[in-house]
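Residue numbers begin at 1 in each chain, while the letters A, B, ... track the order of the sequences.
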2 protein chains.
Amino acid sequence: MEAITIKDIARALNLSTSTVSRALRGSYEISPETKRLVMEYAERMEYRPNPIALSLKANRSKVLGVVVPQIANHFFSQAINGIEAIAYNRGYHVIIMQSHENYEREAIAVQQAVSRKVDGLLLSLSSQTVDVSHLQTLHDKQFPMVLFDRVAPSLNVPKITADNYEGAFAATEHLIRTGRRRIAHISIPAHVSITQERLAGYRDALQKHGLPYDETLVRHMGLGQHEMAPVVRELLGQSPPPDAFFTASDRLALGCMEALRLLGVRIPEQVALVGFTNVTVAHLLAPALTTIEQPAIEIGQLAAERLIDLIERPQHKTTTGVQKLPTRLVVRASTGSVTVAE
Amino acid sequence: MEAITIKDIARALNLSTSTVSRALRGSYEISPETKRLVMEYAERMEYRPNPIALSLKANRSKVLGVVVPQIANHFFSQAINGIEAIAYNRGYHVIIMQSHENYEREAIAVQQAVSRKVDGLLLSLSSQTVDVSHLQTLHDKQFPMVLFDRVAPSLNVPKITADNYEGAFAATEHLIRTGRRRIAHISIPAHVSITQERLAGYRDALQKHGLPYDETLVRHMGLGQHEMAPVVRELLGQSPPPDAFFTASDRLALGCMEALRLLGVRIPEQVALVGFTNVTVAHLLAPALTTIEQPAIEIGQLAAERLIDLIERPQHKTTTGVQKLPTRLVVRASTGSVTVAE
DNA sequence: TTGTAAGCGTTATCAG
DNA sequence: CTGATAACGCTTACAA
């Protein structure tokens with residue numbers, strides 16, 4: 001794998017490296033004849049500039065670091081798709097790292113990405129992350145970063161999320177409109193940004209329709225926690241029992257569905273189920289599950305765009321607020337028909 | 001983000017850069033006193049060696065390139081997990097690229113990875129890829145590469161796959177043992193390596209049990225093709241109709257399941273369904289689906305280990321044959337109980 | 001024990 | 001229009 005360098009070309013053509021370099025980048029101060037010669041030779045020898053040398057020179061790597069809780073998750077893998085699409089279009093590569101929902105691993109990943117000289121960072125926080133001082137420090141040094149999905153309000157950087165509030169509001173309202181009155185809400189750890197927003201949407205929808213907010217109907221599950229049956233059973237043991245479940249994530253929706261099946265509870269006859277999700281197989285489970293679909297790809301794309309703007313035009317102040325993308329409520333009827341609302 | 005360099009340390013301590021360099025790497029020829037001084041200062045200033053400079057010097061990047069058909073797929077995202085775990089343990093980073101099941105994009109991804117100076121390549125071929133000359137060329141130049149899952153027999157490099165033959169054999173035999181006689185097989189494009197192996201396992205199991213191999217029961221679906229209902233309907237239209245479906249992938253299993261549901265066919269009363277899959281929600285769909293589970297993580301780990309061995313000890317001939325990892329047949333009964341066979 | 005200098009591949013500056 | 005040289009951050013002969 002001995003690659004050909006600019007030096008080899010220079011030697012072969014009896015030119016200096018600087019001439020070759022200029023010819024290759026089409027500099028106006030090189031004679032057409034020389035240019036042609038160099039170009040042709042380079043082409044023939046399949047010359048490729050060494051990106052490492054370029055990085056060293058320019059002090060940038062054209063690489064974006066992406067840190068997500070986990071790859072094996074539909075939301076994140078789709079978001080990464082969006083990120084990659086934009087990145088490659090704009091000449092960047094992407095290094096993906098996982099925090100595995102662990103604060104220390106997140107900090108290490110960030111640290112590694114930085115020391116690997118990524119030009120910027122796209123982050124979705126681990127569910128454990130409360131303290132963001134490691135990111136604050138980086139931001140204080142003007143290091144370009146964009147948060148997406150799981151964001152930290154205290155960090156003054158661009159943030160891209162789904163409109164979790166609206167999504168939760170619409171879902172809850174949908175349940176109310178279809179006659180549900182006691183809606184249980186199962187969510188992820190309370191301190192994660194999206195949890196708060198979804199909870200608020202749920203509360204406000206209840207309030208709008210004159211229903212009480214009952215804390216005993218709300219549960220927070222750890223993300224590593226897989227056993228949903230006890231929680232669901234306990235909720236169903238209340239009197240009166242809930243007539244609907246609103247779950248705040250993929251896994252929760254599926255876990256809840258499984259628990260209900262094990263308990264012999266029919267969906268949607270006995271209880272309705274609606275969940276945030278990005279599982280493409282959701283439609284298979286119809287008519288059981290109404291879904292709030294997040295624009296994962298678009299979130300990734302937008303986040304990548306923001307980050308590259310930040311990198312390439314540091315002076316040009318980008319908005320640092322939260323940008324929210326609409327979700328879609330997909331309602332499945334027993335007939336298999338589908339209704340979509342933005 | 002002005003990072004501190006070895007030069008800064010040298011200047012601050014009135015030493016030469018070489019002394020600092022040696023001190024930092026604990027060279028024996030540096031006085032303990034100087035070492036301590038340098039170490040402490042470096043520590044205090046949070047000095048981190050510039051990996052780009054190191055790469056340029058050493059002509060290696062400590063980065064592995066991974067090219068997969070797509071990330072948003074349970075098998076691949078799990079395999080990537082395995083790859084990352086090993087890579088990070090051994091001091092490598094991972095750049096992930098997607099071919100999107102497209103030959104040209106695969107070639108471009110490989111090309112880009114190489115020109116980005118990855119130290120080696122982990123590849124799972126796109127379903128379109130028939131011609132592997134771009135990889136052959138690379139291999140001829142001694143470029144380290146390992147194939148996994150979708151491999152090319154003609155390439156003389158290490159290959160890691162699930163034992164697709166055994167998995168298909170066991171699945172088919174399971175169907176036969178539970179009384180099925182006309183087993184339809186729905187698979188992906190015929191030229192993909194895993195298709196061949198799975199088909200062979202299917203055939204041999206039929207033969208072992210004295211059942212005829214009926215070509216009209218075998219279908220190949222394009223990977224982009226989503227409409228399974230027509231295919232399933234047509235198969236069911238035969239007389240006698242199939243009493244079981246054996247599907248060769250995740251998407252096919254789920255697509256088949258959906259098609260059967262739409263057609264009002266009950267699983268497993270009317271037809272049994274068994275499929276290769278890596279969807280973690282499969283158990284939700286129980287008791288409908290028996291699965292052949294692939295050791296995705298282990299495949300990734302093993303592939304990464306092979307590759308790093310290849311990179312670090314090029315002379316030490318690694319085996320270039322196919323290494324097959326066992327699959328697990330997971331049978332779900334209507335009661336929710338689960339039987340596992342290796 | 002420490003310093004000097006060359007080199008990894010490229011580009012920018014300054015001379016011719 | 002072209003060439004020599006320095007520089008990016010680091011390591012490593014070779015000197016001292």
Side-chain angles (χ1 to χ4, degrees), chain A residues 1-42 45-63 91 93 112 114-119, chain B residues 1-43 45-63 91 112 114-119:
Chain A
M1 276 317 292
E2 293 313 307
I4 181 171
T5 74
I6 230 170
K7 235 180 200 166
D8 301 322
I9 302 182
R11 200 175 314 120
L13 265 44
N14 251 311
L15 290 169
S16 74
T17 57
S18 27
T19 303
V20 174
S21 170
R22 279 184 283 233
L24 284 171
R25 34 194 34 256
S27 165
Y28 65 96
E29 37 183 8
I30 299 291
S31 79
E33 176 56 12
T34 309
K35 263 188 201 171
R36 197 184 50 73
L37 230 58
V38 171
M39 294 289 205
E40 270 176 12
Y41 188 79
M45 303 301 280
E46 296 189 343
Y47 165 77
R48 297 283 177 274
N50 182 331
I52 295 176
L54 289 175
S55 291
L56 184 61
K57 191 109 216 352
N59 201 28
R60 56 157 175 57
S61 57
K62 286 277 183 179
V63 173
H93 278 248
Q112 291 218 328
V114 171
S115 76
R116 279 267 170 186
K117 299 279 175 201
V118 299
D119 291 343
Chain B
M1 277 316 292
E2 293 314 306
I4 180 171
T5 74
I6 229 170
K7 233 182 203 165
D8 301 323
I9 302 182
R11 201 176 313 120
L13 265 45
N14 251 312
L15 291 168
S16 75
T17 56
S18 38
T19 303
V20 174
S21 170
R22 282 185 279 236
L24 285 171
R25 34 193 35 255
S27 164
Y28 64 97
E29 37 182 9
I30 299 293
S31 79
E33 176 56 13
T34 309
K35 262 187 201 172
R36 198 185 48 73
L37 231 57
V38 172
M39 295 289 206
E40 271 176 10
Y41 188 80
E43 180 78 15
M45 302 302 279
E46 297 190 342
Y47 166 76
R48 297 281 177 279
N50 182 331
I52 295 176
L54 289 175
S55 291
L56 184 60
K57 192 102 211 7
N59 201 28
R60 56 156 175 57
S61 57
K62 287 276 181 180
V63 173
Q112 290 219 328
V114 171
S115 76
R116 278 267 170 187
K117 298 281 175 201
V118 299
D119 291 343

Review point. Which one, D:dG9, D:dC8, D:dG3, comes nearest to the side chain of A:Ser18?
Key: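 Among the listed nucleotides, the one closest to the side chain of A:Ser18 is D:dG3.
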
Practice item. From the options C:dT2, D:dC8, D:dG3, select the nucleotide whose nearest atom is closest to the side chain of A:Leu56. Key: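 So the nucleotide nearest the side chain must be D:dC8.
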
Atom-pair distance ([atom1] on [X]; [atom2] on [N]), nearest Å:
X: A:Asn59; N: C:dT11; atom1: CG; atom2: C1'; value: 14 Å
X: A:Lys57; N: D:dA6; atom1: NZ; atom2: P; value: 13 Å
X: B:Tyr28; N: D:dT12; atom1: OH; atom2: P; value: 12 Å

Check your understanding: In this structure, which one of B:Ser18, B:Ser16, B:Ser21 forms a side chain to side chain contact (heavy atoms under 4.5 Å, CB included) with B:Ile6?
Key ->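 Of the listed options, the one satisfying the test is B:Ser21.
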
Is the phosphate of [N] approached by [X] (side-chain N or O, under 4.0 Å from OP1 or OP2)?
X: A:Thr19; N: D:dG3; value: yes
X: A:Arg25; N: C:dT11; value: yes
X: A:Ser21; N: C:dT10; value: no
X: A:Lys7; N: C:dC8; value: yes

Exercise for review: Using a 4.0 Å heavy-atom cut-off across all strands, classify A:Leu15 as base, sugar-phosphate, or nothing.
Suggested key: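 If one applies the 4.0 Å heavy-atom cut-off, A:Leu15 turns out to touch the sugar-phosphate alone, with no base involved.
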
Point to revise | Closest-nucleotide ordering on DNA chain C, the 5'-leading residue of A:Leu54 and B:Pro32 | key: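 Mapping each residue to its closest nucleotide by heavy atoms, the 5'-most match is B:Pro32.
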
